[in-house]
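Source: prediction; values computed, not measured. Order of the sequence lines sets the chain letters (A, B, ...), proteins ahead of strands, with each chain counted from 1.
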Protein chains: 2
Amino acid sequence: MVSPAAGSPRTPTRVLVIDDEPQLVRALVINLKARAYDVDTAHDGATALRVAADRRPDVVVLDLGLPDMDGVQVIKGLRGWSRVPILVLSARHSSDEKVQALDAGADDYVTKPFGMDELLARLRAAVRRAEPVGDEADMTVETEEFTVDLAAKKVDRGGRDVRLTPTEWHLLEVLVRNADKLVGQRQLLQEVWGPSYGTETNYLRVYMAQLRRKLEADPSHPRHFITEPGMGYRFEK
Amino acid sequence: MVSPAAGSPRTPTRVLVIDDEPQLVRALVINLKARAYDVDTAHDGATALRVAADRRPDVVVLDLGLPDMDGVQVIKGLRGWSRVPILVLSARHSSDEKVQALDAGADDYVTKPFGMDELLARLRAAVRRAEPVGDEADMTVETEEFTVDLAAKKVDRGGRDVRLTPTEWHLLEVLVRNADKLVGQRQLLQEVWGPSYGTETNYLRVYMAQLRRKLEADPSHPRHFITEPGMGYRFEK
DNA sequence: GACGTCTTTGACGCAACCCTGACGCGGGGA
DNA sequence: TCCCCGCGTCAGGGTTGCGTCAAAGACGTC
């Protein structure tokens with residue numbers, strides 16, 4: 001419900017687990033990998049900071065009881081250059097330590113022993129709130145002749161904005177989101193005009209013509225909006 | 001120390017406390033107010049959703065045990081239109097309930113009884129990470145004709161302050177924050193008038209006209225507040 | 001209780017959009 | 001070769017959506 005991300009098989013979430021207890025690490029790694037996370041591990045603070053810089057994890061799970069340095073120092077070390085979500089584990093229930101860790105920049109604090117379900121849920125929550133807004137980065141598709149910005153809902157052609165009607169834009173959006181793939185006319189009709197449509201192919205002809213007229217260099221010999229006779233249409237860069 | 005925007009007297013953080021236990025609410029309110037938070041309260045889910053829509057809190061503290069509805073429903077109700085951080089309180093230690101709440105969109109989960117220090121630390125953490133990154137720098141947007149200062153909530157035009165009503169300002173703010181991007185009329189209505197609006201496009205027409213009359217050089221040929229027929233509006237520098 | 005401001009609501013003219021039908025063209029099958 | 005289906009193109013008409021104005025309702029202040 002958050003973002004459909006049609007066609008983009010998002011790279012797996014990368015987790016960095018920092019802990020010096022082999023058993024706990026193993027349990028975490030197994031559970032995380034089973035859920036298709038990409039996992040790195042570090043057994044002490046110094047390594048952790050190095051690995052974090054190298055691998056740029058999407059979320060960090062940090063045990064405060066490390067052999068070489070104080071956990072809070074690790075948090076500060078990370079926060080010096082990164083806003084990656086940090087989920088702290090600790091055997092200590094002391095309120096003081098929680099406050100210290102959280103104020104140093106941790107995002108969450110879980111006391112051992114903990115339920116794996118809960119930890120994973122907290123991890124999902126941390127990842128979820130870290131990502132969504134910025135996914136408008138590569139929401140823009142360029143061709144030689146024009147540029148489509150899906151986030152801003154703008155089409156640029158030779159420095160000038162192209163004015164599209166709602167239906168035209170909707171049609172364009174579906175095609176661009178499925179770039180290089182054939183989109184059947186039924187699917188196109190249902191996505192743009194609604195589920196009760198499916199045979200009114202004349203609509204498609206009219207609006208494809210409009211799109212080509214506004215975007216193609218030579219509308220009668222389209223290079224980007226290709227007709228696949230009897231099947232549908234395809235957008236190509 | 002994480003304090004935002006040095007030099008800007010940022011408005012106090014607004015907290016919405018949702019709980020039906022008077023004692024707990026009182027304790028929370030006292031502690032929060034002592035730390036200069038702005039506090040609203042609600043003792044059931046329905047009120048909570050209404051107040052949230054009205055007051056736009058910066059963070060929500062939600063007790064799951066409400067008299068009128070399931071806490072998870074409240075979370076979903078909020079998440080339908082807002083990304084405000086939600087901190088859940090609950091007497092139940094069940095792992096299941098934690099997972100449900102977190103996956104519904106909660107940001108953190110604290111089991112009662114809890115230490116006030118810890119709660120406040122978690123609250124600080126939630127608020128801190130909700131703050132956008134580069135907020136301080138470009139809190140002001142300039143055009144050839146006028147300047148909008150988002151932090152000071154002021155609009156300057158030719159050296160003179162422009163007087164805007166609350167609704168006008170709110171509308172302007174949403175548009176400016178999404179500069180160059182198209183903002184759908186539904187989104188606009190929900191962000192300015194609240195989540196229960198979405199089809200009253202006549203409001204938009206009236207208030208866009210007011211904004212243009214006050215800010216555009218030639219209100220009948222707007223250069224900054226662009227109408228995208230059938231879709232929404234766009235602010236351009 | 002009267003006033004001023006802000007918000008909501010309704011009515012109207014006008015422009016833009018969406019749908020529709022007609023026509024021409026080209027390729028594949030009979 | 002002729003026919004037919006699918007596609008591209010064009011132009012007209014019904015409908016929707018937008019801008020504008022004005023007046024009534026809600027709210028707070030003096």
Side-chain angles (χ1 to χ4, degrees), chain A residues 153 155 161-175 182-186 188-194 196-235, chain B residues 53-54 153 155 161-175 182-186 188-194 196-235:
Chain A
K153 289 210 195 312
V155 180
D161 279 9
V162 181
R163 191 161 193 74
L164 294 184
T165 72
T167 312
E168 286 163 6
W169 172 261
H170 209 154
L171 183 59
L172 174 66
E173 192 174 16
V174 175
L175 288 170
L182 172 79
V183 186
Q185 19 199 27
R186 165 160 306 235
L188 227 30
L189 282 164
Q190 293 191 346
E191 292 214 35
V192 177
W193 278 269
S196 59
Y197 292 76
T199 58
E200 298 79 349
T201 59
N202 47 323
Y203 293 11
L204 291 179
R205 292 203 294 278
V206 172
Y207 278 91
M208 285 302 303
Q210 310 257 29
L211 272 186
R212 296 205 252 240
R213 193 175 314 138
K214 292 184 178 180
L215 298 180
E216 292 273 6
D218 179 2
S220 52
H221 298 95
R223 293 192 45 206
H224 304 103
F225 299 96
I226 316 292
T227 302
E228 301 281 1
M231 312 185 65
Y233 294 85
R234 177 202 316 278
F235 170 77
Chain B
D54 261 20
K153 290 204 190 305
V155 182
D161 274 14
V162 180
R163 179 172 183 75
L164 294 183
T165 72
T167 310
E168 285 164 6
W169 171 260
H170 209 153
L171 181 60
L172 174 66
E173 189 175 18
V174 175
L175 287 171
L182 190 157
V183 187
Q185 22 200 27
R186 163 156 311 218
L188 226 31
L189 282 164
Q190 294 194 345
E191 295 216 30
V192 176
W193 277 270
S196 61
Y197 292 76
T199 58
E200 298 79 349
T201 60
N202 46 323
Y203 291 13
L204 291 179
R205 293 203 295 276
V206 172
Y207 277 90
M208 284 303 303
Q210 311 261 28
L211 274 185
R212 296 206 251 239
R213 195 173 312 138
K214 293 185 177 179
L215 298 179
E216 292 273 5
D218 178 2
S220 54
H221 299 96
R223 295 193 44 207
H224 307 303
F225 299 96
I226 315 291
T227 302
E228 300 281 1
M231 303 198 283
Y233 294 84
R234 179 201 314 277
F235 170 77

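- A straight line from CG of B:Leu171 to P of C:dT7 spans 11 Å, rounded to a whole angstrom.
- Ring geometry for A:Trp193 versus A:Tyr207: interplanar angle over 60°, hence perpendicular rather than tilted (30 to 60°).
- Dashed line: the shortest gap from a side-chain N or O of A:Thr227 to OP1 or OP2 of D:dG8 is under 4.0 Å.
- Checking side-chain atoms of B:Glu216 against main-chain N and O of B:Lys214 turns up no donor-acceptor pair under 3.5 Å.
- At a threshold of 4.0 angstrom between heavy atoms, the contacts of B:Tyr207 include nucleobase atoms, whether or not backbone atoms are also involved.
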- [ ] Apply salt bridge (Lys or Arg N to Asp or Glu O under 4.0 Å) to A:Lys153 and B:Glu228, showing your working.
- [x] CA-CA 10 Å; A:Lys153 289 210 195 312; B:Glu228 300 281 1; over 6 Å; no
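- Taking only side-chain atoms of A:Val206, from C-beta outward, the nucleotide of C:dT9, D:dT9, C:dC17 with the closest atom is D:dT9.
- Counting only heavy atoms from C-beta on, B:Arg205 has its side chain closest to D:dC18 among D:dT9, C:dC17, D:dC18.
- Taking side-chain N and O atoms only, A:Thr201 has no distance below 4.0 Å to OP1 or OP2 of D:dG6.
- Spacing between atom CG of A:Leu211 and atom C1' of D:dG8 amounts to 14 Å, rounded to whole angstrom units.
- Nucleic acid contact class of A:Trp193 (heavy atoms, under 4.0 Å, all strands): sugar-phosphate only.
- Residue A:Arg163 is classed as having no contact, given no heavy-atom separation below 4.0 Å to the nucleic acid.
- A:Phe225 has its CZ atom 13 Å from the P atom of D:dT9, to the nearest Å.
- For B:Arg212 and D:dC18, the CZ to P distance is 11 Å, given to the nearest whole Å.
- Distances from the side chain of B:Pro166 to the nucleotides D:dG8, C:dC6, D:dC18 place C:dC6 closest.
- Each of B:Asn202 and A:Asn202 was matched to the nucleotide of DNA chain C holding its nearest heavy atom; the match closer to the 5' end belongs to B:Asn202.
- D:dC18 atom P lies 16 Å from atom OH of B:Tyr203, rounded to whole Å.
- Here the C1' atom of nucleotide D:dT20 and the NE2 atom of B:His221 are 14 Å apart, to the nearest Å.
- Residue B:Ser220 places no side-chain N or O under 4.0 Å from the OP1 or OP2 atom of D:dG19.
- When rounded to the nearest whole Å, the span between CD of A:Gln210 and P of C:dA16 equals 14 Å.
- Using modelled atom types, no side-chain atom of A:Glu191 and backbone atom of A:Leu189 make a donor-acceptor pair closer than 3.5 Å.
- Note: CE (A:Met231) to C1' (D:dG6) measures 14 Å, nearest angstrom.
- Side-chain contact between B:Trp169 and B:Val155 is present, with heavy atoms from C-beta onward closer than 4.5 Å.
- Among the protein residues, B:Gln185 comes within range of the sugar-phosphate backbone only, with heavy atoms under 4.0 Å from sugar or phosphate atoms but none that close to a base.
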